[in-house]
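The structure appears below as C-alpha cells.
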Amino acid sequence: MADWQRTFTCGALRHDQVGQTVTLNGWVNSRRAYNQQIFVDLRDRHGVTQVVFEADPAVSTALFETAESVGREWCLSVQGEVRRRLPGKENPDLATGAVEVVARHIEVLNRCPTPPFEVTEFPGEELAGEDVRLQYRYLDLRRPSLQKSLLLRNRLNQTIRSFLDERSFVEVETPLLGRSTPEGARDYLVPSRVHPGAWYALPQSPQLYKQLLMVAGFDRYYQIARCLRDEDLRADRQPEFTQLDIEMSFVDQDDILKMIEELAVVVFRACLGIELPTPFHRLGYDEAMLRYGSDKPDLRYGLEIVDVTDWAGNSGFKVFQEAVASGQVVRAINAKQAAGRFSNTELKPGGKLSEVVTRAGGKGLAWLKVEEGKYSGGIEKFFNAGAVDALGACLGAVPGDLLLLVADVPDRAAELLGGLRVHLAAQLGLVPADNHLFRPLWVVDFPSFMRDSEEGRWVANHHPFTAPRVEDIPRLESDTAQVKARAYDLVINGYECGGGSIRIHDPVVQERLFAVLGMPTEQAHEKFGFLLDALKMGAPPHGGIALGIDRWAMILSGTSNIRDVIAFPKNQRARDLMTGAPAPVDLRQLKELGL
RNA sequence: GGGGAUGUAGCUCAAUUGGUUAGAGCGCCGCCCUGUCACGGCGGAGGUUACGGGUUCGAGUCCCGCCAUCCUCGCCA
C-alpha cells in the first residue's frame, strides 16, 4: 500500500480511533485559517472529517505552508493522529464531530482551480444554475444531495435484483441494435456500415425480445434495461431512460400486480424504511378519468371531480343548458375552503386561474364562492331559484368553499378539470414537497384502442401485443371502441411508474389485432413475422410489466427533476452540456457509412 | 412546431417612471487572528448587463430579431 492511501474514509472516525495514526483521502470541503492553526474539512462520499494543522516548527514548517496553500476541492491525502476534540468543541452536525485528525503529513494528490460554483452545500443556499452544473457534472456530483440520490438509486437496483433473484427470475440481456418497428415513439437510428442504406434502431423497450424469451421457456425474466426514445423532453422524461423489464409465463393479471406490490413494499422498506400498505388501490380507467380527469391521478389530495350534468340541464343557466342539450357535460370541483385564496380577478375571464382552463383549450371557467347563506361569483344571478343550493348540496359545499365548473365534451371536460385539479393542489399547497406520503394505485381496464387524432384510424392504447379481455375478443372488429385491455398502470403520487399487460399468445388473435390497427397481413408479416412465427410455436400464456426506474428513483429521493437521479443526463434540448453531444463527426466516418 | 418564464461580476441576486461612476451577499486575492466548523475583522480585484439591430439627448430598463436555459402543450405504442 502506498503511504498516501487511506486507512479510513472521511465518515468513519469515532472515539474508538482516538490515539491511532490514520490516513484520510478526500477533497477540501472548506478551510478555516488562522496564523498559527488551520482547520480543513476533508470530504469524501462517506462524510466529512475535520483536520487540524498546527504551526509547530518541531513538526514541519513545510506541512503548515502546504496546508496554507490548499484551496477548495483540492484532492488531498492527510496522515495524522486521531484526537478527541476539546470539551465543548465537538460538532454535533458531523458524524465524525467528536474527533479530529491532527495532521502530521500532507500530500497534495491534485490541485483544483477555483470551482465555477460551490460544491459545499449550506442550508437554504441557492444552487447555481443547472446549465453550469451540468457542464461540470463531475463537480456537481460531489454534492452530498446528488450523491445521496445516486446511492438511493443503487439501493433500489440492488433491492430489485435480490428480490427477483430470490424468486428465480433470470436476468437476460437483449440487443441494443435492433430493427425499427412501426407505431410507438420515434426511433433513434444507427446506420449499418456493412449494409449501406440499412439501419438499426435502438430499443424503445425490450418488449418483443422478452416475449420471445417466454416462448423460449425462460418463464420468469427480468432486465434493468436502457430504453431510448427520440421524443421531446420533460422534467420527468429523458431520451434514454431505464426500465425494470419483467415478463412471466403462465400468469394472469393478478399474479403480476400482486408480485409488483410485494416488490414495491420491499423497495420502500429498504430505501426509505416505510411500510406501504397492500393491496394497492385499484381504479378503472373510466372512473379515473371521471373522478380525477387523469389516467395517473395523484391521490395525496382530494379535489375530486363531480359530474353535475343532470343538475346543469335544469339550472336555468343558458350556457350550461345549451351545452348539455348538445351532448356536453358539466363537471365541478369543490376546492374546500379555497374561496379566500383566489381573488375575483384571478377567477374572472382572463384571470390567472381562468386561463389555466382556457389555455388548455377550454371555453371558460365558471365559479361560485360559498358564503354564509349565499353565493357570490360571476354566474349566481343566472340560475333558477334554488338551483345554486342544489349544486351546493351536490358538492357538499360549506361557507368558505370555492366551486369551479367546466362545460365541455366529456373527454375534454375530464382533461380540463384534471389539469385544474393539479394546478389547484400546487397553488393551495396540498402537496408538501418533502413529505413521505405515498399513494400508489393501479389503473386498470384501459380501452384497447384509441382513435388517432390526425388520421382517425385505430391505434393501440398500450401496444399492439396487449391482450384484450377474453370476453371482448369476439367483438374486436364489431365493437372496437368498447374493447378493454388486460393492461395495468402503476401510479404513485401522480407519476406513471410502470405499466404492463397480459400479452396475446394466440397468433390468430394477434393477426386480427394488427388488422384492426389497419396493418395489412403482408405488412404485419414483414414487420413482425418473427413474432407471429414464434407465437405459432407453442407460445405460453404470458404477461409482464415495465417499471420506470428513473421515476422510482425520483419518487424515493423526493425530487421532481429526473436529472437529479441520472449521473450524466441530457438537458431539455437533448444535449449533454458536459461532452457537447450530439456533435458533428468526421466526413470520413460518414463516407464509410455511405451517408 | 406552439405557449410561458428567465438571461446583469466566478455563483446567487438587486438596480423605483428610461437619467450620476451598474450595487449586495457568497466566492477569489492580500493583511490580521490558536478552537473554528456557513469562523471573524480590515482592505482589494473582478462587468461587452447573452448576442445583433432599433427608438431616444440618454437604454440593464422600451421595440424588433436571435441564441441559450428551464417549465409546458403537441409528442412520448
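Proteins come first, then strands; the chains are lettered A, B, ... in the order of their sequence lines, and each starts at number 1. Below, each value reflects all heavy atoms present in this structure, side chains not excepted, and no hydrogens, waters or symmetry copies. As the structure is a computational prediction, the values presented were derived from the model and not from experiment.
You'll find a donor-acceptor pair under 3.5 Å spanning the side chain of Q37(A) and the base of G35(B), going by distance alone. For Q572(A) and U72(B), a side-chain-to-base donor-acceptor distance below 3.5 Å is present, hydrogens and geometry of angles not being considered. Evaluation of atom-type donor-acceptor distances gives a pair under 3.5 Å for the side chain of Y34(A) against the base of C39(B). Between the base of U34(B) and the side chain of E54(A) there is no donor-acceptor pair shorter than 3.5 Å. Interface remark: the E100(A) side chain does form a donor-acceptor pair with the G35(B) base, using a distance-only criterion of under 3.5 Å. Not a single donor-acceptor contact under 3.5 angstrom links the side-chain atoms of R186(A) to the base of G74(B). At a cut-off of 3.5 angstrom, counting only N and O atoms as typed in the model, there is a donor on one side and an acceptor on the other between the side-chain of N91(A) and the base of C37(B). R72(A) contributes no side-chain N or O that forms a donor-acceptor pair with the base of C28(B) under 3.5 Å. One N or O donor and one acceptor, one from the side chain of R237(A) and one from the base of C76(B), sit under 3.5 Å apart.
Within the 4.5 Å cutoff, no side-chain heavy atoms of C227(A) are placed close to those of Q204(A). With a 4.5 Å cut-off on side-chain heavy atoms, M519(A) and F528(A) count as touching.
Of all nucleotides listed (G35(B), U12(B), C76(B)), U12(B) comes nearest to the side chain of A128(A). For R32(A), the listed nucleotide lying nearest its side chain is U36(B); candidates were U36(B), U12(B), G3(B). The side chain of D232(A) lies closest to G1(B) when the candidates are C76(B), G1(B), G27(B). Of all nucleotides listed (C71(B), G35(B), U69(B)), G35(B) comes nearest to the side chain of R85(A). If you check C11(B), G27(B), U34(B) against the side chain of E118(A), the one that comes closest is G27(B). Nearest to the side chain of R234(A), among C76(B), C39(B), U72(B), sits U72(B). Here the side chain of T114(A) is nearest to one of C28(B), C13(B), G35(B), namely C28(B).
Atom-to-atom, NE2 of H423(A) to P of C73(B) comes out at 14 Å; the value is rounded to the nearest Å. Rounded to an integer number of Å, the gap from D41(A) CG to A38(B) P is 9 Å. Rounded to a whole Å, the CG atom of L86(A) is 16 Å from the C1' atom of C39(B).
Ion pairing between R234(A) and D236(A) fails under the 4.0 Å rule for side-chain N and carboxylate O.
Remark: ring of F117(A) does not overlap the six-membered base ring of C11(B) in a stacked fashion, as centroids less than 5.5 Å apart with planes less than 30° apart are not both met.
Remark: A68(B) base-pairs with U6(B); criterion is Watson-Crick or G-U wobble with both hydrogen-bond distances under 3.5 Å.
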